[in-house]
Amino acid sequence: MELLVHPQAICKVLSANDTGETGGHQAGILVPKDEDILSFFPQLGKETKNPRCVLRFEDLSGAIWNFTYIYYNNKFYKGTRNEFRLTSMTGFIKSNNLKAGDKIIFLRLDDGRLLIKHQRTNKLENDTDNVLRLGTSWKVVNI
DNA sequence: AGCCATGCACCG
DNA sequence: CGGTGCATGGCT
């Protein structure tokens with residue numbers, strides 16, 4: 001019997017840097033080192049420097065987006081980086097006019113296919129943010 | 001830990 | 001040359 005359970009969907013509130021509003025060109029979003037979040041993505045270790053893989057996402061209109069999931073781990077190779085990023089998202093972010101505060105939601109279907117959707121900022125919800133105070137801007141969503 | 005920022009390479 | 005992405009460093 002298989003008892004291993006993985007989250008089927010996660011979401012992230014975009015930062016200004018994620019959307020490119022800060023003028024940066026890092027072309028993607030940061031993925032916090034949270035077990036529940038990382039388990040959604042392929043496991044990338046520190047055996048090789050800056051390992052990556054391309055993930056194929058489908059949006060609600062049926063369009064296909066290929067994002068690159070990278071583990072910048074040069075901290076283990078005489079550098080200082082130790083973080084995960086999902087890059088090549090400029091097209092998706094621009095075509096949907098996503099801004100800081102908006103959410104991106106990733107879902108995995110039973111057949112392994114990946115879906116991506118987004119949600120505009122809800123200001124009322126923002127107001128309660130201080131009270132809820134989620135540890136990271138990512139959260140596991142059960143569907 | 002997470003977000004901000006930037007030099008360089010590549011490509012249309 | 002401008003947009004995009006890679007890789008990396010800095011700041012909070």
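Please read all numbers here as calculations on a predicted model, not as lab measurements.
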Pairs under 3.5 angstrom, nitrogen or oxygen only, protein versus nucleotides 10-12 of chain B, please.
none

Heavy-atom protein contacts under 4.0 Å, nucleotides 6-12 of chain C, coded B base, S sugar-phosphate only, - none: BBBBB--
Sequence neighbours excluded, the answer for side-chain hydrogen bond (donor to acceptor under 3.5 Å, both in side chains) partners of A:Arg85 is A:Glu83
Find out whether A:Cys11 and A:Phe106 are in side-chain contact, i.e. whether some heavy atom of one side chain is under 4.5 Å from a heavy atom of the other. no
Distance under 6.0 Å and angle within 45° of the ring axis: does A:Arg108 meet both against A:Phe40? yes
Rounded to whole angstroms, how far apart are CG on A:Leu30 and C1' on B:dA1? 8 Å
Rounded distance in Å - CG (A:Leu86) to P (B:dC3): 14 Å
In whole angstrom, what separates A:Asn17's CG from B:dA1's P? 18 Å
Residue pair A:Gln26, A:Asn17: steps toward the side chain to side chain donor-acceptor pair (under 3.5 Å) verdict: CA-CA 8 Å; A:Gln26 108 188 350; A:Asn17 199 46; 3.2 Å; yes
pair A:Leu109-A:Leu115: side-chain heavy atoms closer than 4.5 Å: yes
Would you say A:Lys94 reaches C:dT4's phosphate, i.e. side-chain N/O to OP1/OP2 under 4.0 Å? yes
Sorted by chain and number, sequence neighbours left out, side-chain hydrogen bond (donor to acceptor under 3.5 Å, both in side chains) with A:Thr19 holds for A:Glu21
Grab the CG-P distance between A:Asn82 and B:dC3 for me, whole Å please. 15 Å
What pairs with A:Asn73 under side chain to side chain contact (heavy atoms under 4.5 Å, CB included), at least two apart in sequence or on another chain? A:Lys46, A:Lys49, A:Asn50, A:Pro51, A:Tyr71, A:Phe76, A:Tyr77
Suppose we screen for side-chain hydrogen bond (donor to acceptor under 3.5 Å, both in side chains). Which residues come up paired with A:Thr80, at least two apart in sequence or across chains? none
Has A:Thr90 got a side-chain N or O lying under 4.0 Å from the OP1 or OP2 atom of C:dT4? no
Roughly, in whole Å, what's the span from CH2 in A:Trp65 to P in C:dG5? 10 Å
